[in-house]
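Here the structure comes first, spelled out in structure tokens, and everything after it is commentary.
Order of appearance sets the numbers: ligands from 1, and atoms from 1 within every ligand. Counting begins at 1 with the first residue of the sequence.
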Amino acid sequence: MNAVLQRADAIAIEGVSKWFDKDGTRTTALDGVDLHVAPGSRVALVGPSGCGKSTLLYVVGGFVEPSAGTASAFGARVDGPGVERGVVFQEYALFPWLTVADNIAYGLRRKGVSKRETARIVERYVARMHLQGFEHHYPRDLSGGMRQRVALARTFATEPPILLLDEPFGALDAQTREYMQDALLDLWNASENTLLLVTHDIDEAVYLCDTVYVMSRRPGRIVKRIDVNLDHGEGRESIMLSERFRELRNEVWLAVRDQVRGHDDEAHR
Ligand SMILES: Nc1ncnc2c1ncn2[C@@H]1O[C@H](COP(=O)(O)OP(=O)(O)O)[C@@H](O)[C@H]1O
Ligand SMILES: [Mg+2]
């Protein structure tokens, strides 16, 4: 790898705006967003509902074209989806005509992984995501939580250097959510990939990420950066109970509340 590539951000978002024109009305979702994510870091985006979090993630994923500005991954300008950027959508889109195993195998086959290796990886992720016995089921026969686990397995299985996750654990019960959060941290420890996580769960943002960015109400911009630096060697229990965790969660919560309140003030003016 040359020096330029080594220095490049994993993700660079520069001056990104996005507006939608419909029936003569313009909705501005994003307004001049700048964000740089270093390789191997874990970044959370939080903010009021409708502030443009998903839109920003999909700009990076290459599914939404910005109206202004650019997004780049490892120094290369994003102009469509790419295998180095694995996305888990809020609606955990699965291929309905493929079984659980074939959904998980999909990206591996696209990458040209051999049949034998694909079968091994699929088996590993079926076990990790607690999907044993459902390999040959179709998505329509699964609960929402199980579909979400298949979507996560499908994306994790290819171990992309950049993971873009849009509220990935929302449909899971509390115990499974905790298990999945820790599975994500394990995965990150093993591969040191770069993580951009959209979530409305402030505890999740603080627990999983080393930087939390708070977005303003729509049109979305970044209004605050909070550095986390928790030691995950201490384990979930002691982190969750620590004073530091409480302070950080409170700081993020207050910043989001300010944005939500601003929205209310405007509506009542
Ligand atoms: N395809 C689209 N067409 C029109 N408006 C859209 C589209 N996608 C998103 N929006 C609007 O952009 C704003 C931001 O949406 P979104 O990124 O989904 O917010 P968040 O994920 O933070 O809840 C919302 O007002 C939403 O209605
Ligand atoms: Mg969203």
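Listed for the K53 side chain is no donor-acceptor partner under 3.5 Å among the backbone atoms of L45. No donor-acceptor distance shorter than 3.5 angstrom exists from the side chain of R109 to the backbone of S114, with no hydrogens or angles considered.
Using a 30° and 60° split on the angle between ring planes, Y58 and F89 fall in the tilted class, from 30° to 60°.
Contacts of R218 with ligand 1, taken as heavy-atom pairs under 4.0 Å, involve the side chain alone.
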Quiz: residues 144-164 side-chain donor-acceptor pairs under 3.5 angstrom, not counting sequence neighbours:
unit_1	atom_1	unit_2	atom_2	d
R147	NE	P139	O	3.0
R147	NE	L142	O	3.3
R147	NH2	L142	O	3.2
Q148	OE1	A171	N	3.0
Q148	NE2	P168	O	2.2
R149	NH1	M129	O	3.0
R149	NH1	H130	O	3.1
R154	NH1	A93	O	3.4
R154	NH1	N103	OD1	3.4
R154	NH2	A93	O	2.6
T155	OG1	V87	O	3.1
T155	OG1	A151	O	3.3
T158	OG1	T155	O	3.1
E159	OE2	Y125	OH	3.1

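In this structure, atom 27 (O) of ligand 1 is not in close contact with the protein, since no protein heavy atom lies within 4.0 Å of it.
The environment of E135 atom CD is dense: over 12 non-hydrogen atoms of other residues, nucleotides or ligands sit within 6.0 angstrom.
The shortest N or O to N or O distance between C51 and ligand 1 is below 3.5 Å. In terms of polar-atom proximity, K53 is counted as a contact of ligand 1, with an N or O under 3.5 Å from an N or O of the ligand.
Looking only at protein heavy atoms, the nearest one to atom 16 (P) of ligand 1 is T55 OG1, 3.7 Å. Regarding atom 19 (O) of ligand 1, its nearest protein heavy-atom neighbour is G52 N, 3.2 Å. Annotation: atom 14 (C) of ligand 1 to nearest protein heavy atom, G50 O, 3.4 Å. Atom 9 (C) of ligand 1 has as its closest protein heavy atom F20 CE1, 3.5 Å. Closest to atom 18 (O) of ligand 1, if we only count protein heavy atoms, is S54 CB, 3.8 Å. Looking only at protein heavy atoms, the nearest one to atom 12 (O) of ligand 1 is A29 CB, 3.4 Å.
Using a cutoff of 4.0 Å between basic side-chain nitrogens and carboxylate oxygens, E243 and R246 are scored as salt-bridged.
The shortest non-hydrogen separation linking R128 to L187 is NH1-CD1, 3.9 Å.
The residue from N250, L254, V256 that alone fulfils the side-chain contact (heavy atoms from CB on, under 4.5 Å) condition with V252 is V256.
Taking 4.0 Å as the cut-off, K22 does not count as a neighbour of ligand 1 on heavy-atom distance.
When distances to the Mg ion (ligand 2) are checked against a cut-off of 2.8 Å, S54 contributes an N, O or S atom below that limit.
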